[in-house]
S.K.: 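Please find one structure pasted underneath; my questions will follow.
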Amino acid sequence: MLEWPEKVTIKEVGPRDGLQNESVEVPLQDKVAWINLLSDAGYSYIEFSSFVHPKWIPQLKDAKEVAAMISRKKGITYAALVPNRKGLEGAIDTDVDEVSVFMSASDTHNKKNINKSIEETYPILKEVVQEAKLEGKSVRGYVSTVFGCPYEGAIDTDQVARVSERLLDMGIDELSLGDTIGVANPRQVDQALHEWKQWLPFDKLAMHFHNTRGMALSNVLVSMQHNITTFDASLGGLGGCPYAKGASGNLATDDLVHMLHQMGIETGIDEEKLKEAAVYIQRVLNKSLPSHQMQVVNKERV
């Protein structure tokens, strides 16, 4: 018999990672209303936006306004992505609970994404982490393309470990490893996690899967067998990386929650309220969301 965790933590990244790839601009009031619906659904963590330059991600240009207008609930961590010190200043001004720094395990993708090599990125992120800590903020670190890169192909597990260790040495509180283009398969995830156990503290580890080829849920199952119980997800399967060709939707929160609940694993998330939030953003975007749960909902609504 396989052993499963009693509880899993799901970190909602839809308002940031989900919306950043949408070409249709979502009005500020709709973003705020959607995040408030998410807050009512039972999450403990919502990444609501990113303090990047509007030129790079126009969809998230209203991060400060979103932060000021959402109804923050006690017990929920409201987090935002920051690329550098200037972004951190914006995040601190709006009193975010946690800041997230990010980089890639692939040098080419890192250059495409933030216009800097991996080595050039370290001192910038170190400054952000140190300043955030001085402000009393917790810090999360994202490492993308850990299973494959659209430019370099397969990425060595050693390279992922080296980048991850540098971030952990900076003092980040949690490390999220991302399958940015959704190329990972369960056997690959199993092998990689076996190797990363030699270097990385799994109690600080989260996984961030994309469902490009339909393997996100199976990769979650493998990760849980390695005692990983924190996963990033985006409601309805929204999202992708603007700087990674082929990086379609994230692991869908609603699919993940449904699977875990059917397995008797607690998430703290209310599926009915989750559905309400998914229907709302689907209407705002004027398109069907790709998650399996929303396909069921949409058929029922016809």
Side-chain angles (χ1 to χ4, degrees), residues 11 13 17 47 81 83 100-126 128-129 139-213 215-233 239-241 243-248 250-251:
K11 301 203 166 183
V13 298
D17 199 10
E47 189 178 65
L81 201 71
S100 298
V101 297
F102 60 98
M103 64 181 299
S104 179
S106 153
D107 204 53
T108 306
H109 182 260
N110 207 67
K111 289 173 182 173
K112 295 277 187 181
N113 198 20
I114 56 178
N115 204 31
K116 287 179 175 58
S117 70
I118 286 175
E119 286 299 324
E120 291 169 334
T121 303
Y122 289 136
I124 295 169
L125 298 191
K126 185 175 182 180
V128 171
V129 174
V139 183
R140 192 174 206 236
Y142 284 103
V143 179
S144 57
T145 66
V146 302
F147 294 106
C149 169
Y151 310 104
E152 296 183 14
I155 302 296
D156 287 342
T157 53
D158 287 4
Q159 169 66 6
V160 175
R162 283 193 293 270
V163 171
S164 299
E165 283 187 313
R166 289 291 292 270
L167 287 173
L168 288 162
D169 288 344
M170 291 176 197
I172 63 169
D173 299 283
E174 185 174 67
L175 176 71
S176 175
L177 299 180
D179 181 21
T180 310
I181 54 174
V183 293
N185 66 70
R187 185 169 188 172
Q188 180 186 14
V189 172
D190 180 50
Q191 291 172 339
L193 289 172
H194 270 297
E195 294 182 30
W196 289 332
K197 273 179 185 168
Q198 303 172 54
W199 298 290
L200 305 180
F202 273 32
D203 60 333
K204 291 187 175 183
L205 204 63
M207 300 303 292
H208 184 117
F209 292 113
H210 281 225
N211 201 41
T212 312
R213 292 162 180 81
M215 287 189 278
L217 286 176
S218 57
N219 290 333
V220 166
L221 293 173
V222 170
S223 301
M224 286 196 295
Q225 289 302 304
H226 287 268
N227 297 317
I228 293 173
T229 58
T230 302
F231 299 94
D232 301 344
C241 176
Y243 300 99
K245 185 178 179 182
S248 59
N250 287 281
L251 165 61

S.K.: Shortest non-hydrogen contact from Ile181 to Cys149?
M.R.: CD1-C, 3.7 Å
S.K.: Going by the side-chain contact (heavy atoms from CB on, under 4.5 Å) test, name the single residue among Val101, Ile155, Leu167 that passes it with Val143.
M.R.: Leu167
S.K.: How close do Gly182 and Arg213 get, heavy atom to heavy atom, and via which atoms?
M.R.: O-NH1, 3.2 Å
S.K.: Run through Asn227, Leu175, Leu193 and flag the one making a side-chain contact (heavy atoms from CB on, under 4.5 Å) with Phe202.
M.R.: Leu193
S.K.: Taking salt bridge (charged side-chain N to carboxylate O under 4.0 Å, His left out) as the definition, give me every residue that meets it alongside Asp173, ordered by chain and number, with sequence neighbours left out.
M.R.: Lys133
S.K.: Would you say the side-chain atoms of Trp196 pair up with the backbone N or O of Thr157, donor to acceptor, closer than 3.5 Å?
M.R.: yes
S.K.: Any side-chain to backbone donor/acceptor pair from Asp179 onto Val183? Under 3.5 Å, distance only.
M.R.: yes
S.K.: Between Gln159 (side chain) and Asp156 (backbone), is there a donor-acceptor pair under 3.5 Å?
M.R.: no
S.K.: Less than 4.5 Å apart, side chain to side chain, heavy atoms only: is that true for Phe231 and Ser223?
M.R.: yes
S.K.: Which of these, Val222, Thr229, Thr230, Ile228, sits in a side-chain contact (heavy atoms from CB on, under 4.5 Å) with Met207?
M.R.: Ile228
S.K.: Report yes or no: does Asp107 contribute a side-chain atom to a donor-acceptor pair with the main-chain N or O of Ile118 at less than 3.5 Å?
M.R.: yes
S.K.: Among Asn110, Thr145, Thr121, which residue satisfies the side-chain hydrogen bond (donor to acceptor under 3.5 Å, both in side chains) criterion with Ser104?
M.R.: Thr145
S.K.: Is it the case that the side chain of Asn211 and the backbone of Met215 share a donor-acceptor pair, with hydrogens and angles ignored and the cut-off at 3.5 Å?
M.R.: yes
S.K.: Which heavy atom of Leu200 sits nearest to which heavy atom of Ala161, and what is that distance?
M.R.: CD2-O, 4.3 Å
S.K.: Has Asn219 got a side-chain atom pairing as donor or acceptor with Val189's backbone, closer than 3.5 angstrom?
M.R.: no
S.K.: Report yes if the side chains of Pro186 and Leu221 come closer than 4.5 Å at any heavy-atom pair, otherwise no.
M.R.: no
S.K.: Could you check if a side-chain atom of Ile172 sits within less than 4.5 angstrom of a side-chain atom of Val129, using non-hydrogen atoms only?
M.R.: yes
S.K.: Would you name the heavy atoms of Ala105 and Val160 that are closest together and state the gap between them?
M.R.: CB-CG2, 4.0 Å
S.K.: Under 3.5 Å, side chain of Asn185 to main-chain N/O of Arg187, donor-acceptor pair present?
M.R.: yes
S.K.: Is Glu174 reaching over with its side chain to a backbone N or O of Arg140, donor-acceptor style, under 3.5 angstrom?
M.R.: no
S.K.: State, without any angle test, whether Asn113 and Ser144 hold a side-chain donor-acceptor pair at a distance under 3.5 Å.
M.R.: no
S.K.: Looking at side-chain heavy atoms only, is the closest gap between His194 and His226 below 4.5 Å?
M.R.: yes
S.K.: Are any of the side-chain heavy atoms of Val163 and Tyr122 separated by less than 4.5 Å?
M.R.: yes
S.K.: Report, as yes or no, whether the 6.0 Å neighbourhood of atom CG on Asn115 holds more than 12 heavy atoms from other residues, nucleotides or ligands.
M.R.: no
S.K.: Would a 4.5 Å heavy-atom cut-off, applied to side chains only, mark Val139 and Met170 as touching?
M.R.: no
S.K.: Hey, could you give me the CE/NZ distance between Met103 and Lys116, rounded to the nearest 0.5 Å?
M.R.: 12.0 Å
S.K.: Can you give me the closest heavy-atom contact between Ser176 and Asp232, atom names plus distance?
M.R.: OG-OD2, 2.7 Å
S.K.: Could you check whether any side-chain heavy atom of Tyr142 comes within less than 4.5 Å of a side-chain heavy atom of Val13, counting everything from C-beta outward?
M.R.: yes
S.K.: Locate the shortest heavy-atom distance separating Gln188 from Ala184; write the atom from each residue and the value.
M.R.: OE1-CA, 3.2 Å
S.K.: Quick one: sort the Phe209 and Phe147 rings into parallel, tilted or perpendicular, breaks at 30° and 60°.
M.R.: parallel
